[in-house]
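Notes follow the structure.
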Amino acid sequence: MGASSDSGAQTPAVVTRFAPSPTGFLHIGGARTALFNYLFARHHGGQFQLRIEDTDRARSTEPAIAAIIDGLTWLDFEWDGEIVHQFARAPRHAQVANHLLVNGHAYRCYATAEELETMRAEQRAAKLPMRYDGRWRDRTDGPDGAPFVIRLKAPQTGSVTIDDLVQGPVTVANAELDDMVLLRSDGTPTYMLAVVVDDHDMGVTHVIRGDDHLNNAFRQLALIRAMNWPEPQYAHIPLIHGADGAKLSKRHGALGVDAYRDEMGLLPEAVENYLLRLGWGHGDDEIISRAQAIAWFDLKDVGRGPSRFDMKKLESVNGQYLRAADDARLVTLIEPRVATALGRAITDSDRNTLQCSMAELKKRASNLNDLASGALFFLRTRPIPMDDGATKLLASAPPGVLADARTQFAGINDWSTAALEERARALAETRGLKLGQVAQPLRAAVTGSSQSPGLFEVMAILGREETLGRIDDALDTMPAQGAN
RNA sequence: AGUCCCUUCGUCUAGCGGUCUAGGACGUCGCCCUUUCACGGCGAAAACACGGGUUCGAUUCCCGUAGGGAUCACCA
């Protein structure tokens with residue numbers, strides 16, 4: 001990209017960008033901002049670009065940049081073109097500041113930090129708005145060699161109205177704004193300068209960002225006008241709040257997206273769907289595919305008020321996507337978790353078992369953690385552990401049912417769900433028991449728990465040898481019940 | 001403090017002057033299905049912040065109040 005790319009030969013009608021600062025991890029709010037930018041660009045057949053705002057050298061880190069890229073990749077928000085690293089463009093930013101200095105739209109300010117601090121203290125004491133008072137605005141007698149910053153000579157009268165695509169028309173009097181610093185005394189650009197210059201050079205047509213930037217937009221517009229550049233359209237989306245209505249914090253889920261993937265075991269499409277529905281709606285639609293989202297997304301449908309993050313609903317949405325997900329994909333996803341829990345590597349046989357049981361398993365899980373832990377009993381080696389519920393079931397089982405059931409099952413030639421169930425029902429009938437009185441002890445013996453997927457499906461998947469073995473194990477631990 | 005923004009069930013939202021005795025989803029509760037737990041199905045409770053206008057008629061338009069949020073840097 002050239003230093004000043006005004007050429008726009010084949011400039012797309014819509015160019016959006018996601019511009020995170022790599023000072024932390026990509027959090028959920030940032031992910032939503034990225035999603036809206038992505039969707040809007042794709043909806044209009046335009047471009048979605050990524051810019052890393054790393055001008056804060058002290059706080060920007062490589063791991064943070066990697067985390068941002070990792071998060072966007074996981075969510076599959078594919079950006080167009082090369083990633084723009086803001087810091088590398090510092091010379092261009094300085095060039096613009098100096099250009100403004102030359103044409104009179106900016107000036108040197110020699111006020112020291114201490115000086116400005118006392119100015120603010122006085123304003124605070126007088127209960128006046130704290131703004132730079134423009135003391136160097138019309139002076140050119142700066143001390144030789146003294147450090148200075150370059151400030152924008154912003155209009156002081158009149159007002160500016162931004163037709164925000166989300167917030168609607170917003171007007172602010174120029175008197176409310178002060179002359180912002182463009183270039184610091186060390187020659188580095190401020191964020192305000194850098195964003196405007198980069199957005200212009202990247203050909204950004206729509207600035208979609210958190211509404212914490214709404215106030216900044218007016219200052220940035222003054223700079224854009226001073227440069228006589230085309231003005232982008234703005235869309236300031238409300239920030240996400242925690243369940244208690246307060247700003248999102250770690251307690252609420254302002255975690256890196258990696259936490260949603262790794263710790264919570266969520267699916268990227270579910271996180272995307274949830275984020276999309278947070279502050280945006282399309283009739284009664286809840287589960288919305290990427291393609292539909294692109295077709296339907298419009299900034300005018302984005303709500304103006306902040307919405308609260310609801311983990312329960314996220315889990316629910318994730319559960320729906322989990323049930324619709326491909327079984328083989330889920331097997332792959334839970335493999336590491338299962339291996340860790342089991343303390344051993346997963347074999348092909350294990351994989352096969354997981355694949356066969358996945359349809360049953362996923363109905364009982366809303367995230368990958370649940371899915372993995374729910375699958376464990378299939379893969380444990382005998383004798384499998386019994387939880388409290390299972391122990392109680394075995395202790396209160398009608399005398400002899402387990403042994404009788406074992407005998408019945410052992411006589412089955414066709415080891416199938418249907419055959420297993422038929423024998424169990426027959427046994428219950430002859431002994432005058434309800435099916436549950438037979439099935440529950442069996443469930444305990446075979447799964448080690450009082451809750452599990454369908455018992456006969458489980459036994460069919462486990463196979464004759466393993467099933468019978470587990471029943472034998474249970475029989476061994478049971479106190480000798482008055483024989484027959 | 002000032003400036004700016006926002007306000008429909010607990011939560012996310014639909015609604016864009018009459019179709020609202022306000023719809024959907026999550027959550028909650030009940031019932032059904034059923035060998036357990038889930039899934040699934042059915043049903044219930046649950047909201048237009050308040051006060052003024054405008055209008056034949058306001059959830060929908062305007063103003064005020066209250067509440068919430070954003071913002072005060074040589075941070076981004």
Side-chain angles (χ1 to χ4, degrees), chain A residues 19-23 53-56 58-60 86 109 111-113 116-117 120 123-124 126-132 147-151 164 166-168 170-173 175-178 180-186 188-192 194-195 210-216 218 236 238-239 241 243 245-247 274 277-287 303-317 319 323 360-366 370 374 389 393 421 424-425 428 434-444 447 449-456:
Chain A
S21 47
T23 54
E53 309 218 315
D54 53 356
T55 53
D56 187 336
R59 293 198 297 158
S60 298
Q86 195 162 59
C109 168
T112 63
L116 293 175
E117 193 39 59
R120 286 192 199 98
Q123 289 171 336
R124 193 172 12 243
K127 294 193 172 178
L128 291 169
M130 287 185 285
R131 301 190 201 105
Y132 174 67
F148 62 86
V149 299
I150 295 181
R151 286 182 186 271
D164 195 277
V166 168
Q167 306 292 342
V170 183
T171 302
V172 165
E176 295 294 329
L177 279 19
D178 61 2
M180 65 177 168
V181 173
L182 263 21
L183 213 60
R184 301 188 183 100
S185 53
D186 64 358
T188 61
T190 60
Y191 160 78
M192 289 289 190
V195 199
D211 69 2
D212 50 331
H213 287 288
L214 182 54
N215 295 287
N216 291 335
F218 295 92
H236 289 93
L239 265 17
H241 285 197
K247 200 171 164 184
Y274 176 72
R277 285 285 291 100
L278 201 57
W280 178 88
H282 183 272
D284 288 341
D285 298 298
E286 294 288 344
I287 298 300
R304 283 119 307 209
S307 37
R308 304 184 186 199
F309 189 83
D310 183 359
M311 195 58 211
K312 283 272 183 49
K313 183 143 187 177
L314 209 203
E315 282 268 350
S316 167
V317 171
R323 265 163 255 136
E360 282 294 307
L361 253 21
K362 67 185 184 183
K363 282 195 296 201
R364 272 156 266 259
S366 60
D370 292 350
L393 278 175
E421 180 165 355
R425 284 187 185 281
K434 287 182 179 176
L435 182 54
Q437 291 175 287
V438 175
Q440 283 301 80
L442 277 169
R443 183 189 313 284
T447 71
S449 168
S450 57
Q451 300 164 197
S452 81
L455 177 61
F456 306 113

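Just so we're on the same page: letters track the sequence lines, and every chain starts at 1.
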Problem set entry | Same-atom distance (C1') from B/C50 to B/C29, integer angstrom | 31 Å

For this session: Kindly indicate, with the supporting measurements, whether the criterion side chain to side chain contact (heavy atoms under 4.5 Å, CB included) is fulfilled by A/Val181 and A/Tyr132.
Result: CA-CA 10 Å; A/Val181 173; A/Tyr132 174 67; over 6 Å; no

Exercise. Using the C1' atom in both, what is the distance from B/C61 to B/G68, to the nearest Å?
Worked result: 23 Å

Exercise. If every non-hydrogen atom of A/Thr23 is compared with every non-hydrogen atom of A/Ser60, which pair is closest and at what distance?
Worked result: CG2-N, 4.3 Å

For this session: Carefully, step by step, assess A/Glu286 and A/Lys313 under the rule side chain to side chain contact (heavy atoms under 4.5 Å, CB included).
Result: CA-CA 11 Å; A/Glu286 294 288 344; A/Lys313 183 143 187 177; 3.5 Å; yes

For this session: Could you work out the separation of B/A22 and B/A45 based on their C1' atoms and round it to a whole Å?
Result: 16 Å

For this session: Mark up nucleotides 65-76 of chain B, 5' to 3', with B wherever a protein heavy atom is under 4.0 angstrom from a base atom, S wherever such an atom reaches only the sugar-phosphate, and - elsewhere.
Result: ----SBSBSBBB

Problem set entry | Contact letters for nucleotides 19-35 of chain B, in which S counts primed atoms plus P, OP1 and OP2 and B counts the base, heavy atoms under 4.0 Å | ----BBBS--------B

Problem set entry | Validation row: A/Thr190, A/Met180 side chains within 4.5 angstrom (heavy atoms) | no

For this session: Using whole Å, report how far CG of A/Asp370 lies from P of B/C37.
Result: 17 Å

Exercise. What does B/A66 pair with, Watson-Crick or G-U, if both distances are under 3.5 Å?
Worked result: B/U7

Exercise. CZ of A/Arg308 versus P of B/C6: gap in Å, rounded?
Worked result: 18 Å

Exercise. Roughly how far apart, to the nearest Å, are B/A58 and B/G52 at atom C1'?
Worked result: 14 Å

For this session: Indicate yes or no: at least one non-hydrogen side-chain atom of A/His236 is less than 4.5 angstrom from one of A/Val166.
Result: no

Exercise. If we call it a pair only when both distances are under 3.5 Å in a Watson-Crick or G-U wobble match, what pairs with B/U54?
Worked result: none

Exercise. Closer to the 5' end of RNA chain B via nearest nucleotide, is it A/Ala173 or A/Arg323?
Worked result: A/Ala173

For this session: Scan every strand shown for a Watson-Crick or G-U wobble partner of B/C16, both distances under 3.5 Å, and answer none if you come up empty.
Result: none

For this session: Apply side chain to side chain contact (heavy atoms under 4.5 Å, CB included) to the pair A/Tyr191 and A/Asp56, showing each step before the final yes or no.
Result: CA-CA 9 Å; A/Tyr191 160 78; A/Asp56 187 336; over 6 Å; no

For this session: Quote, to the nearest angstrom, the C1' distance that separates B/A14 from B/U8.
Result: 10 Å

Problem set entry | Salt-bridge contact A/Glu117-A/Arg120 (side-chain N to carboxylate O under 4.0 Å) | yes

Exercise. Considering all heavy atoms of both residues, which atom of A/Pro147 and which atom of A/Ser185 are nearest to each other, and what is their separation?
Worked result: CB-CB, 4.2 Å

Problem set entry | Complement of B/C33, any strand, by Watson-Crick or G-U distances under 3.5 angstrom | none

Problem set entry | Distance, P atom - from B/G64 to B/U3, rounded to whole angstrom | 12 Å

Seminar exercise, completed: Re B/A45: Watson-Crick or G-U wobble partner, both distances kept under 3.5 Å, found to be none

Exercise. Could you give the CD-to-C1' distance, from A/Glu176 to B/C5, as a whole number of Å?
Worked result: 15 Å

For this session: Using whole Å, report how far CD of A/Gln123 lies from P of B/U3.
Result: 16 Å

Problem set entry | Most 5' of A/Val170 and A/Tyr274 on RNA chain B, judged by nearest nucleotide | A/Val170

Problem set entry | Separation of atom CZ in A/Phe309 from atom C1' in B/G10, rounded to whole Å | 17 Å

For this session: Could you tell me whether the side chain of A/Arg364 has a donor or acceptor atom within less than 3.5 Å of a complementary atom in the base of B/C39?
Result: no

Exercise. Between A/Glu315 (side chain) and A/Lys312 (backbone), is there a donor-acceptor pair under 3.5 Å?
Worked result: no

For this session: Could you tell me whether A/Thr447 contacts a base, only the sugar-phosphate backbone, or nothing, with contacts defined as non-hydrogen atoms closer than 4.0 Å?
Result: nothing

Exercise. Taking atom C1' in both B/A47 and B/G24, what distance in whole Å separates the two?
Worked result: 14 Å

Problem set entry | Check: A/Thr188/A/Arg184 side-chain N/O donor and acceptor closer than 3.5 Å | yes

Exercise. Would a 4.5 Å heavy-atom cut-off, applied to side chains only, mark A/Arg364 and A/Asp370 as touching?
Worked result: no

For this session: For B/U7 and B/U19, measure between their C1' atoms and round to the nearest Å.
Result: 25 Å

